[in-house]
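I have placed the structure first, in the form of structure tokens, so that the comments after it can refer back to it.
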Amino acid sequence: MSDAVIVNSSRLKSIVWNDFDRVKKGDTFVAICRHCKKKLSGSSTSGTSHLRNHLIRCQRRSNHGVAQYFSAKDKKKEGSLALVTIDQEQKNDEVLSIVNLRYEQEQIKSEHVGIGSNSLDQRRSQFDLARMIILHNYPLAMVEHVGFKIFVRNLQPLFELVTRNKVEADCMEIYAKEKQKVYEIFDKLPGKISVSADVWTASEDDAAYLSLAAHYIDENWQLKKKNLNFVTIDPSYTEDMHSEVIMNCLMDWDIDRKLFSMIFDSFTSDNIVERIRDRLSQNRFLHCNGQLFDVRCAVDLLNRMAHDALEALCEITQKIRESIRYVKSSEATQATFNELADEVQVETKKCLCIDNPLKWNSTYFMLEAALEYRKVFSCLRDRDPVNMKFLPSDPEWDRLVTVTSFLKLFVEVTNVFTRSKYPTANIFFPEICDIHLQLIEWCKNPDEYISSLALKMRKKFEEYWYKCSSGLAVAAMLDPRFKMKLLEYYYPQLYGDSATELIDDVFECIKSLYNEHSIVSPLASSIDQGLDWQASGIPGSGKDSRDRLMGFDKFLHETSQAEGSSSDLDKYLEEPLFPRNVDFNVLNWWKVHTPRYPILSMMARNILGIPISKVAAESRFDTGGRMLNHNWSSLPPTTIQALMCSQDWIRSELES
């Protein structure tokens with residue numbers, strides 16, 4: 001700046017000019033910091049706010065006395081940090097100087113660092129950073145990335161940048177605090193807990209993880225989920241070791257005595273489940289001798305049956321893919337296809353596209369669209385028999401129509417099951433019964449190709465039905481729109497003459513479950529307290545031998561219990577059905593009717609909280625299992641568990 005001229009600053013009234021030289025270069029005024037020599041706009045139209053902001057952040061200037069540069073407006077809110085650069089060359093120099101900054105880690109003596117009225121809570125900011133990493137699956141190492149350091153230094157120079165190890169320690173501290181909150185929630189729960197078990201894998205290696213989550217209905221009759229554990233499991237583990245890992249997790253959370261049921265994948269070994277059930281039954285923690293303990297995931301069942309259907313269609317599906325690829329191979333071919341579609345008057349608006357093999361519903365949509373254009377494909381083959389030689393034959397098209405109808409049902413039911421983030425158990429019974437009826441019909445198909453496929457799917461279904469039908473039926477009974485009528489509607493269709501006996505079996509299970517809840521109900525103790533209060537409230541009466549009516553009080557209590565031991569259940573079943581409507585919320589209904597059915601509402605809380613499906617909506621059509629984010633998969637197992645569980649807890653807190 002040899003041609004630059006320093007302008008006399010005596011006419012410049014702002015205090016900031018004590019730290020800047022105003023230089024004129026040609027027609028441009030530049031303000032040069034006397035401490036770091038940084039160049040900023042010195043034009044009178046630019047004001048001085050940007051100069052004050054620079055002095056606050058200047059690395060080479062002491063922070064002593066900076067407060068004087070805050071205007072009254074700045075004390076109410078942070079000033080703009082917009083810096084006006086002089087030219088591109090200067091901008092490049094500034095970037096290089098920022099990149100080469102040494103970030104010295106100085107010990108902060110105070111939790112709060114203040115400049116005027118602006119303050120920085122270093123500890124809180126560190127926890128906010130750790131929470132952000134947890135919430136969004138960011139890598140812990142991001143705090144040491146150069147770009148992140150530049151961003152933070154420019155945003156808030158007073159924030160002491162942390163190391164990867166420090167942010168990991170902060171994440172562990174957050175996990176410990178959040179875990180204590182979950183402990184306290186479980187301790188105050190009015191009902192039981194159901195636990196789901198899921199297996200995750202890591203993309204980089206063969207590592208496997210067991211994820212356990214608690215499902216329950218809270219005191220406000222809201223269905224909740226909390227992750228409990230995310231532990232590494234070795235492929236060499238025996239079934240005994242797997243069950244021991246699960247039991248240790250349950251006891252660590254002190255919920256083994258509060259457990260109502262567990263939900264597993266369809267392929268989980270029965271031996272693992274039996275070992276856990278036996279351990280819990282020894283202490284008499286389970287209702288109905290554990291009859292409702294073993295629950296299998298309904299969406300997992302649908303995925304497995306869909307896999308069978310797609311496997312049967314494998315060759316036909318490949319022909320459809322090749323046909324679509326040819327149509328999409330050139331604009332000319334696509335145009336010819338469109339012309340033929342107009343000629344045969346295809347009315348569909350569906351688009352032909354190749355499926356995503358990782359999402360089985362996308363394969364269904366591809367096949368469904370191809371069926372709409374069946375006539376068009378045939379016409380195209382007549383015009384171009386060489387390139388369309390792989391088109392399915394007429395019998396294959398017919399089979400595709402039938403199997404696609406299977407897939408359509410599975411897609412629709414899966415969407416019903418995952419429509420809500422936390423679906424209640426009452427919605428599953430009618431949908432599962434419809435699938436049961438369809439499988440019976442499909443097995444009667446005269447085409448052996450179709451009937452053999454239906455038999456294969458039905459075998460999987462019956463394994464599921466054997467384990468879960470009782471729980472599904474009880475949950476349906478606890479829906480005031482259905483009660484026992486839904487069983488009376490479906491069971492004769494499914495079982496014919498045996499239906500009455502099977503309905504009686506379900507009702508016996510309901511009564512047994514009701515009686516067990518009545519034993520632990522606080523209602524009995526409240527009756528005792530009421531009798532005590534009545535006795536003490538009668539003049540001249542007390543708990544002594546002179547009260548000749550104490551025997552009568554005992555007699556009244558015992559006979560009223562004997563006569564009305566199932567009065568809740570009887571009243572509920574005798575009253576008319578609640579009208580079916582779209583906006584019905586079964587949990588709200590039970591919340592309102594708890595005073596009328598105190599014992600049955602306890603039972604409803606535990607049954608309706610069973611997670612009949614544990615698959616998240618975003619992965620409901622996945623052909624593979626859940627996979628751990630690659631940013632975290634290389635971390636120590638304890639850190640992975642802390643991050644995965646904390647993420648779930650923090651997200652739940654934000655949602656609520």
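Just the heavy atoms: all of them, side chains too, but no hydrogens, waters or symmetry mates, feed the values below. Throughout, residue positions are numbered sequentially from 1 according to the sequence presented. The shown structure was predicted, so the numbers you read here are calculated from the model rather than taken from an experiment.
With Thr623 contributing its side chain and Leu358 its backbone, the two residues share a donor-acceptor pair below 3.5 Å. With hydrogens and angles ignored, the 3.5 Å screen pairs a side-chain donor or acceptor of Ser452 with a backbone N or O of Glu448. Of the possible donor and acceptor atoms, none in the side chain of Ser619 sits under 3.5 Å from a partner among the backbone N and O of Asp622. Of the possible donor and acceptor atoms, none in the side chain of Asn220 sits under 3.5 Å from a partner among the backbone N and O of Gln222. With Asn585 contributing its side chain and Asn588 its backbone, the two residues share a donor-acceptor pair below 3.5 Å. At distances below 3.5 Å, not a single donor-acceptor pair connects side-chain atoms of Asn289 with backbone N or O atoms of Gln291. With hydrogens and angles disregarded, no donor-acceptor distance shorter than 3.5 Å links the side chain of Glu431 to the backbone of Ile427. A donor-acceptor distance shorter than 3.5 angstrom exists from the side chain of Arg605 to the backbone of Asp218, with no hydrogens or angles considered. Between the Asp568 side chain and the Ile599 main chain, a donor and an acceptor come within less than 3.5 Å of each other.
The shortest heavy-atom contact between Ala202 and Met627 is C-CG, 4.3 Å.
Between Tyr572 and the options Phe578, Trp590, Phe482, a ring pair (Phe, Tyr, Trp, His ring centres under 6.0 Å) holds for only Trp590.
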Check residues 499-512 and write down every donor-acceptor pair under 3.5 Å in which the side-chain atom is one partner and the other belongs to a residue at least two apart or another chain.
from, atom 1, to, atom 2, distance (Å)
Glu508, OE2, Lys511, NZ, 3.1

Considering only distance and modelled atom types, tabulate donor-acceptor pairs under 3.5 Å from the side chains of residues 272-279, sequence neighbours left out.
from, atom 1, to, atom 2, distance (Å)
Glu274, OE2, Arg277, NH2, 2.3
Arg275, NE, Asp240, OD1, 2.1
Arg275, NH1, Asn271, O, 3.3
Arg275, NH2, Asp240, OD1, 3.2
Arg277, NH1, Gly290, O, 3.0
Arg279, NH1, Glu244, OE1, 3.3

Let me have the donor-acceptor pairs involving side chains of residues 178-187, under 3.5 Å, with sequence neighbours excluded, atom names and distances please.
from, atom 1, to, atom 2, distance (Å)
Glu178, OE2, Arg131, NH2, 3.1
Glu178, OE2, Lys181, NZ, 3.3
Lys179, NZ, Asp252, OD2, 3.4
Tyr183, OH, Asp252, O, 2.8

Please tabulate, for the side chains in residues 637-647, all donor-acceptor contacts under 3.5 angstrom to protein atoms that are two or more places apart in sequence or on a different chain.
from, atom 1, to, atom 2, distance (Å)
Thr639, OG1, Glu168, OE2, 2.7
Gln641, OE1, Asn229, ND2, 3.3
Gln641, OE1, Phe230, N, 3.1
Ser646, OG, Ala642, O, 2.6
Gln647, NE2, Ile134, O, 3.0
Gln647, NE2, Asn137, OD1, 3.1

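Residues Arg651 and Glu655 are not paired through a salt bridge, judged by the lack of any N-O separation under 4.0 Å between the basic side chain and the carboxylate. Lys571 has no carboxylate O lying under 4.0 Å from a charged side-chain N of Glu574, or vice versa, which leaves the two without a salt bridge. A salt bridge is absent between Lys459 and Glu463: the closest approach of a Lys/Arg side-chain nitrogen to an acidic carboxylate oxygen does not fall below 4.0 angstrom. With respect to the salt-bridge test (charged N to carboxylate O, under 4.0 angstrom), the residues Lys614 and Asp300 do not qualify.
Between Tyr138 and His136, the ring-plane angle classifies as tilted under the 30° and 60° cut-offs.
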Derivation and outcome, side-chain contact (heavy atoms from CB on, under 4.5 Å), residues His517 and His287: CA-CA 9 Å; His517 279 82; His287 285 283; 3.8 Å; yes
Kindly indicate, with the supporting measurements, whether the criterion side-chain contact (heavy atoms from CB on, under 4.5 Å) is fulfilled by Gln493 and Leu437. CA-CA 8 Å; Gln493 298 179 63; Leu437 291 170; 3.5 Å; yes
Stepwise salt bridge (Lys or Arg N to Asp or Glu O under 4.0 Å) test for Lys258 and Asp256: CA-CA 5 Å; Lys258 292 187 175 183; Asp256 49 325; over 6 Å; no
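Aromatic ring centres of Trp360 and His307 lie farther apart than the 6.0 Å criterion allows.
Taking Tyr495 as the reference, Tyr491 meet the ring pair (Phe, Tyr, Trp, His ring centres under 6.0 Å) condition, with sequence neighbours excluded. Residues that satisfy the ring pair (Phe, Tyr, Trp, His ring centres under 6.0 Å) test with Tyr237, not counting sequence neighbours, are His242.
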